[in-house]
Visitor: 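Below is a structure I'd like to ask you about.
Worth knowing before you read on, the calculation uses all heavy atoms, side chains too, and leaves out hydrogens, waters and symmetry mates. Below, chain A is the first sequence line, B the second, and so on; all start at residue 1.
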Amino acid sequence: MPALSRADNSLLGRWWWSVDRWTLFAVSTLLGFGYLMVLSASPSVAVRIGDPRDLLIVKQITFLALAGVEIVIVSLLSPKDIRRIALVGGIVTLLLTALTLVHGVEIKGAKRWIDILGVSLQPSEFLKVFFIIVNAWLLSEQRRRPGLNGTAIALCLFAIIVLLLKAQPDVGMMALIGAIFLAQLFLNGLNLVWVAVGGALFCAGGAGSYIIFQHVRERVQDFLHPNATGAYQVHVALEAFGNGGLLGTGPGEGRIKDILPDAHADFVFAVVGEEFGLIISLLVVGIFAFIVLRGLLRLVAEHDLFTLLAAGGLLMSFGLEAFINMATALSLIPAKGMTLPFISYGGSSMLAIGLEMGMLLALTRRRHHADL
Amino acid sequence: MREHQPDPPNPGALAHRAEARAAPVRPPGTPRDGAIPRLETVRVTAPDLARRATLETSRRRLLGAAAGFTTLFAALATKLTDATILDPVKPPPAPKNTFSTVARPLPTADRPRAMMVDRNGEILAVSLPTAAVYADPRQMMDRADAVRRLQNVLPGLNGPALLAEFTAPHREFVYVAREVGPEQELRINDLGIPGVNFLPAEARHYPLGRIAAQTIGAVDIDGHGIAGLEKSQNRRLREDPNPLRLALDVRVQAVLRDEMAKALDDFQAIGAAGIVMDVHTGEVLAMVSLPDYNANDFASAVPKARFNRAATGVYEPGSAFKLQTVGMALDPGLVHVWDRFDTTHPIDIGRFVIKDYEPMDRWLYLPEIIAYSSNIGASRIALIVGKARQRAWLRKLGFFERCPIELPEAAMPLVQSDAEWSEATVMTVSFGNGIAMTPLHLINGTVALVNGGVLFAPTLLYQDPATPRPGSAVMQPDTSDTVRKLMRDVVTHGTGTFGRVPGYFVGGKTGTSQVVRSGGYRQHTNRAGFLAAFPINAPRYAFYVMLDSPHANALSQGYSTGGEISAPVVARTIARIAPMFGLLPVTDPAEKAAIERQIDLPLQPQPPPGVIALGPGHPYPPGAADAPDDLSRKRTPAASGHALAPRAPRRYASSHASDQGR
């Protein structure tokens, strides 16, 4: 397999031998599986919303390809480059997120998207990734420069982001960023008392959303009372899993995608369960678990705090998104619109996840200490 | 390599070698003997130490995070296993595709509902096979498009409502259309919409439309009878596929309806009821209620049209009921046709004053009382009959209960209770006021009066003439003969002269009653009825036609009474239908004279020699009911000397106890 010799000192050669190839392989598998699922789940959705049958497929395959290229290119970068990109990108996406409030495209009652050159983008997806890096940098830099109060700056940043997301509103993204922020503080050695306080605040935020946002309340109610008529999606999703059984109905043979509007996005895992059955679904769960756990365990040997915090944050973001999506489809938690990385339909999230994985691979490459 | 080469002899080197041998061999890198160990001093700054400590904490916490994620993913895997194989929520089974020609039969459609035909085999109701179109929206690719395409074939579809049904959660069975003809079925099938299928169904059709619509009734969308004969004969029609033969004769039905509709239109009446019965079997040959509706469009018929006035409408019979009064008086021999009754003045009783429409101001013979329809005379006769015999007679002839006919809608008559049945009631009922019944009650009771005294349960089902229908003899045949002659007098000399039909012998009785409206009678509004039997010398058919609230006009000579409004309807009907029954007009004068002799009864018949007729001075026969006080006071002086006069007048109340026994 190694077409690249150990002695190859080119950019790609060095990349190949230093990158975490297992993770790369796992991510590639997910990309391939995403390709398979978009073929299966998108046509019926496209037909239902009146698009040409193959439009969603073509779009999504384009995004999958872009994400693949993106992963490789970003993973070629050095940690210093990553930090720079994160800083610049963070500022840009923060401004774009703010801009959604003014010039956003309203979809289903929320202004989260912005039209850039005819492409709808959700800047908060990217903002999340950049914030993880910036936050890790602030927290680790604080230790080197005693004068810098990184935590305070990070808190301010976080507060701004929360305000923006609440205005959109995007409770899911808010919760995700909040959870990752807290997890990064936790990794950074935050006093456990404060972690507990943060957890309590997080829960309070959840309760607040329940009170403030009508749709959050409905979804929690649906979760608590799955037999009510409103819990239709959740019930249909469970039916899909039941229909799939051990081996599934076969690719393209499922019917949930004809019924659920979000079958290609939030409930794509139910399509997986129905068409591919328990074994493949477990494999999908396993791949996500593998990436996250392998990444986290490898970081135990990491000497650099920034790398640890940044990569840890990226991994947990990735893992949480995957978990929330799959758990929603399985009715483990109240329905929360979260994409399943690389498998759900969606351009912004695909590119953001690609960025996330690219940065992860870049940060976890084997290197000399001096390369930091 | 060089080391092993023998060194060149060198005296100095020898000493050196010796010294080297003395010292033990030291592996490279190990300290020399006696070397002072040197500690390398590494300077570690405080922040660095802190960073290392943090790193240690971070690493521990990484393990914690990994443990957390392990838990989350394990939970996912567990739930996944549970949802797929351990405890799967099975989706409801998709209905089998019934693309084959052998479709699932509906349980109700396994056998077509039997036809209903009239007595001559004319089809009145028939079930035709149709298809019900249903859809399983789950199988559809594009529901909105499916609705659009179905609408192209079935323009009557409510598109938005259907789409709403298609998109409602958990819908797997939606009726698109219930009755679709073969052509439309084919076109829908050709649309090839997945999930759209057909069920065999049947549609009830009534080829004659309005003919006997209320009587035949209706079925609901599933083919269950919900009104009329369809309801009462539901099981029969379902279980026995042979046509159900009805007593109705659509020719008679159509003629009667036609004539009634004309009259309804001519006199702007609000409704009309008409019945023709076979007097020897109790079969109903025609039953008309106007306004009516097209039986094929029951759903959009207004309640007024669905209402069967002939069997469900309850009306005061009016003077037509006087036939019952004379019947109940003649039958026990209380009165005779030669008896005369005092109609010189109105009877004042309580709050009633019983008057005559056209007062004659003399003692009228019994035929005159019927022919001129004297209320006072009828009241005098009823007083002779008395409450107990009157009630017993009316009960015997079925006026106190629901008509036993095959119509679920048959109504109860309105009859005052025994306690309420006062002396005033005795008198008002004698001329058909203070009692209300369906036209069917009235004609059925009259049938017994003209057919020789046999009461039948009226029926809408065909009766085999080979087996005579059991009836109950409720009077002597003589009584019936007399009543027929009295009815003939009505048509020849009395109020029913418009009931005459040239060449035929019709007997009848007019009956005009006022319309009861909350608490009293409505002025200038009445119901005009005419009761007839034909041919009156040997009756075969009885007729009753009643128009509700007709407006008098020139056609009726300015009258809105039964004689002017309804009698012509009956006469025209008889003229049209008699030939259908094989009854041709009698044109031979000799034959005509013979028949007339047979049914002739002078309006003022003389008693046979030696018989003392009732009349002035002898108003009460032996066995007459106890005369009430006020009437005895009104007796003429001549009457007081009669043998019956000394009978102690007793109050009505005292006779209640013996009412049942008589």
Visitor: Looking at B:D82, B:I85, B:D142, B:L63, which makes the most heavy-atom pairs under 4.5 Å with chain A?
Guide: B:I85
Visitor: Please flag which part of A:F288 lies under 4.5 Å from any non-hydrogen atom of chain B: side chain, backbone, both or neither.
Guide: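 Contact with chain B: backbone and side chain both.
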Visitor: What are the two closest non-hydrogen atoms of B:A66 and A:L293, and how far apart are they?
Guide: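 The answer is O-CD2, 3.3 Å.
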Visitor: Measure A:L308 against the heavy atoms of chain B and call it side chain, backbone, both or neither at under 4.5 Å.
Guide: side chain
Visitor: Would you say B:R59's side chain and A:L299's backbone share a donor-acceptor pair under 3.5 angstrom?
Guide: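 Checking the backbone N and O of A:L299 against the side chain of B:R59, no donor-acceptor pair under 3.5 Å is found.
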Visitor: Where on A:L309 is there a heavy atom nearer than 4.5 Å to chain B: the side chain, the backbone, both, or neither?
Guide: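 No part of A:L309 comes within 4.5 Å of chain B.
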Visitor: Compare every heavy atom of B:P88 with every heavy atom of A:G242, then report the nearest pair and how far apart it is.
Guide: CA-CB, 3.4 Å
Visitor: Mind listing the closest non-hydrogen atom pair of B:L76 and A:A327 along with its distance?
Guide: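 Closest heavy-atom pair between B:L76 and A:A327: CD2-N, 3.6 Å.
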Visitor: Taking side-chain contact (heavy atoms from CB on, under 4.5 Å) as the test, write out the residues that go with A:F290, two or more places apart.
Guide: A:W22, A:A26, A:R294
Visitor: Do you know which two heavy atoms are closest between A:L296 and B:A65, and how far apart they sit?
Guide: CD1-C, 4.0 Å
Visitor: Quick one: of B:L86, B:T57, B:D145, B:L55, who has the most non-hydrogen atom pairs under 4.5 Å with chain A?
Guide: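 Heavy-atom pairs under 4.5 Å are most numerous for B:L55.
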Visitor: What distance separates B:L62 CG from A:R298 CZ, expressed to the nearest 0.5 Å?
Guide: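 Going from CG on B:L62 over to CZ on A:R298, the span is 12.5 Å.
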Visitor: What parts of residues 68-75 of chain B touch chain A if we use heavy atoms and a cut-off under 4.5 Å?
Guide: B:F69, B:T70, B:L72, B:F73, B:A75
Visitor: Is there a donor-acceptor pair under 3.5 Å between the side chain of B:T84 and the backbone N or O of A:F241?
Guide: no
Visitor: Chain B heavy atoms under 4.5 Å from A:V292: which part of the residue, side chain, backbone, both or neither?
Guide: side chain
Visitor: Check each atom of A:L297 against the heavy atoms of chain B and say whether the ones under 4.5 Å are side chain, backbone, both or neither.
Guide: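 Contact with chain B: side chain only.
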Visitor: Side chain, backbone, both or neither: which part of A:A183 has a non-hydrogen atom closer than 4.5 Å to chain B?
Guide: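 The answer is neither part of A:A183.
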Visitor: Below 4.5 Å, heavy atoms only, C-beta onward: do A:L192 and B:R61 meet side chain to side chain?
Guide: yes
Visitor: For atom NZ of B:K79, is the number of surrounding heavy atoms from other residues, nucleotides or ligands below 6.0 Å larger than 12?
Guide: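 Atom NZ in B:K79 is crowded, with more than 12 foreign heavy atoms closer than 6.0 Å.
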Visitor: Find the distance between CG (B:L80) and CG (A:L278) and round it off to the nearest 0.5 Å.
Guide: 5.0 Å
